[in-house]
Amino acid sequence: MEKSLDSHLDDIMSEHGVIGVLCSDQQGLALSAKGTANPMYAGHICSLVENAKKLYPDTEPQPVICLESDACNLLVRSEGNVTVAIHKVPS
Amino acid sequence: MGCCFSSEEDTDGQRQASERDPLLGGSSAPIANGQRPVDDAHNHSSGPISRTDEQSLLSRILHQTAHKVIDVSSTEPHSIERTEYMERSRQYMSKLSAVNSSTLHSPTDLPNGVKVPQSVLASDPIPQGDIAFAIQAAKGADASLSGFHVEHRDELVVQFESSS
């Protein structure tokens with residue numbers, strides 16, 4: 001049953017510049033993590049999403065959160081009951 | 001003259017005059033001579049009582065302090081042999097190195113931040129393609145999890161057979 005999610009995350013990992021991907025539910029439970037993503041920090045990422053929702057409560061669809069750094073960018077997006085965080089090297 | 005402060009000032013003045021006697025020398029000799037009998041009489045009259053009071057106060061403070069102080073040296077002697085000390089030190093260091101290597105090393109989860117923020121701020125914003133990619137990835141993950149549920153295979157409550 002989780003094969004579909006795994007294959008989807010593999011597809012994301014195969015994209016150019018992607019070095020890690022993390023998928024978690026709304027409560028911060030890590031469902032799957034690949035590459036440089038650490039499942040221990042799914043809760044932190046979900047709290048980022050929750051705080052972003054508080055900043056823009058009426059915005060629909062929910063915004064994409066991007067944390068920039070020297071090494072890579074972290075793109076976080078929540079959809080339905082799932083939150084996806086992607087480590088992507090800027091091209 | 002009727003207020004308390006004036007009388008206090010008087011006694012203070014007498015006390016100061018007697019205390020300053022040696023420093024003032026000959027110029028203040030008449031005053032010192034005039035004050036001395038009074039001071040001596042005052043000391044003789046109130047000396048024994050105040051001394052006993054002071055002694056009792058000091059002894060009480062001493063007792064209270066002795067109650068509060070914990071004598072560590074009497075409970076545990078600090079006598080560790082040098083060889084034992086070295087052995088313990090080696091043991092602690094080995095345990096600490098094992099802990100350092102196992103638990104303190106964790107892979108980075110979030111980006112480590114930006115050393116030169118000017119370059120990031122001056123650079124172009126995140127490309128729209130990346131944002132669209134994140135949106136598509138989230139939608140795909142949500143769709144792939146739409147049929148996700150826990151399969152019930154075993155009994156959640158296991159009944160233990162009673163031995164009786």
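All chains are named by letter (A, B, ...) in the order of the sequence lines, taking the proteins before the strands, and each is independently numbered beginning at 1. What you see is a predicted model; the values in this text were computed from it and never measured.
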Q.
If you count heavy-atom pairs within less than 4.5 Å of chain A, which of B:Ala134, B:Pro127, B:Gly129 leads?
A. B:Ala134

Q) Is it the case that one hydrophobic cluster holds both A:Leu75 and A:Val89, taking links as side-chain heavy atoms less than 4.5 Å apart, direct or via other members? A) no

Q: Provide the closest heavy-atom pair for B:Ser144 versus A:Ser4 in the form atom of the first, atom of the second, distance.
A: O-OG, 3.1 Å

Q.
Using a 4.5 angstrom heavy-atom cutoff, name the option from A:Asn81, A:Val18, A:Val84, A:Leu31 with the most pairs to chain B.
A. A:Val84

Q | Common cluster, A:Ile19/A:Met13, ILVMFWY with side-chain heavy-atom separation under 4.5 Å | A | no

Q) Around atom CD of B:Glu84, are there more than 12 heavy atoms of other residues, nucleotides or ligands at under 6.0 Å? A) yes

Q: Enter the distance from A:Glu79:CD to B:Gln136:CD here, rounded to the nearest 0.5 Å.
A: 9.0 Å

Q.
Counting heavy-atom pairs under 4.5 Å with chain A, which one of B:Ser146, B:Ala143, B:Ala138 comes out on top?
A. B:Ala138

Q) Which of these passes side-chain contact (heavy atoms from CB on, under 4.5 Å) with A:Cys66: B:Asp130, B:Ile126, B:Ile131? A) B:Ile126

Q: Group every Ile, Leu, Val, Met, Phe, Trp and Tyr by side-chain heavy-atom contacts under 4.5 Å, then state whether A:Leu48 and A:Leu22 land in the same group.
A: yes

Q. Is it the side chain or the backbone of B:Ile135 that comes within 4.5 Å of chain A heavy atoms, both, or neither?
A. both

**Q.** Structural part of A:Ile86 lying under 4.5 Å from a heavy atom of chain B
**A.** side chain

Q | Heavy atoms of other groups near B:Gln128 CD, more than 12 under 6.0 Å | A | no

